[in-house]
Amino acid sequence: MAIDTKTGYLYVVFYDRRAYNNLETDVYIAYSKDAGQTWVNEKISESSFTPTNTVFFGDYNNISAYDGVVRPIWTRYEKGKLSVWTALIQMN
């Protein structure tokens, strides 16, 4: 979780399987512009991936936010390889 000290907005990056009935996983960002009273969820991964129980990677997630510029960081496991991903999100 991150708090943008310039805007006061809250941000969280997380994994989610809401769109699937199997282990396929997407990455989402949730944000609140009213101190956590309401939240908006947006998918930020370009494609889904299927994690494996032999590789632990959730502790490498992070997110930073300052002056409306948000940088989530997450890992994904695909085709036998673990990789680190990020996005540059401009919030208005």
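Please read all numbers here as calculations on a predicted model, not as lab measurements. One-based numbering along the sequence shown.
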Spatial distance of atom CG (Asp67) from atom CG (Asp4) [nearest 0.5 Å]: 6.5 Å

Side chain to side chain, Arg17 and Pro51, heavy atoms closer than 4.5 Å: yes

Minimal non-hydrogen separation, Ser48 against Tyr20, with atom names: CB-OH, 3.3 Å

Minimum side-chain heavy-atom gap Val69-Leu88 below 4.5 Å: yes

Glu46 atom CD, neighbour heavy-atom count above 12 within 6.0 Å: no

Contact summary for Ala65 and Ala2, nearest pair of heavy atoms: N-CB, 4.2 Å

Heavy-atom closest pair, residues Ala30 and Phe14: CB-CE2, 3.7 Å

Side-chain donor or acceptor of Asp26 paired with backbone N/O of Ser45 under 3.5 Å: no

Non-neighbouring partners of Asn41 that pass side chain to side chain donor-acceptor pair (under 3.5 Å), sequence neighbours left out: Arg18

Candidates Ile44, Asn62, Ile73 - the one meeting side-chain contact (heavy atoms from CB on, under 4.5 Å) with Val13: Ile44

Contact check, side chains of Tyr15 and Val27, non-hydrogen atoms, under 4.5 Å: yes

Residues forming a side chain to side chain donor-acceptor pair (under 3.5 Å) with Thr50, sequence neighbours excluded: none

Set of residues satisfying side chain to side chain donor-acceptor pair (under 3.5 Å) with respect to Asp34, sequence neighbours excluded: Ser32, Thr38

Counterpart residues, side chain to side chain contact (heavy atoms under 4.5 Å, CB included), relative to Ser64 (two or more places apart): Arg71

Minimum-distance pair of heavy atoms, taken over all atoms of Ser47 and Arg76: O-NH1, 3.0 Å

Side chain to side chain contact (heavy atoms under 4.5 Å, CB included) partners for Tyr60, two or more places apart: Phe57, Thr75

Test log, rule side-chain contact (heavy atoms from CB on, under 4.5 Å), inputs Lys6 and Tyr66: CA-CA 6 Å; Lys6 198 88 158 153; Tyr66 184 76; 3.6 Å; yes

Member of Ile89, Thr86, Val70 meeting the side-chain contact (heavy atoms from CB on, under 4.5 Å) criterion with Ile63: Val70

Hydrophobic cluster membership, Trp74 vs Leu82, 4.5 Å side-chain cutoff: yes

Aromatic ring pairing Tyr31/Tyr11, orientation class (parallel under 30°, perpendicular over 60°, tilted between): tilted

Transitive ILVMFWY side-chain link Val40 to Tyr9, under 4.5 Å: yes

Partners meeting side chain to side chain donor-acceptor pair (under 3.5 Å) with Trp85 (sequence neighbours left out): Ser83

Hphob cluster co-occupancy, Met91 + Ile29, side-chain heavy atoms under 4.5 angstrom: yes

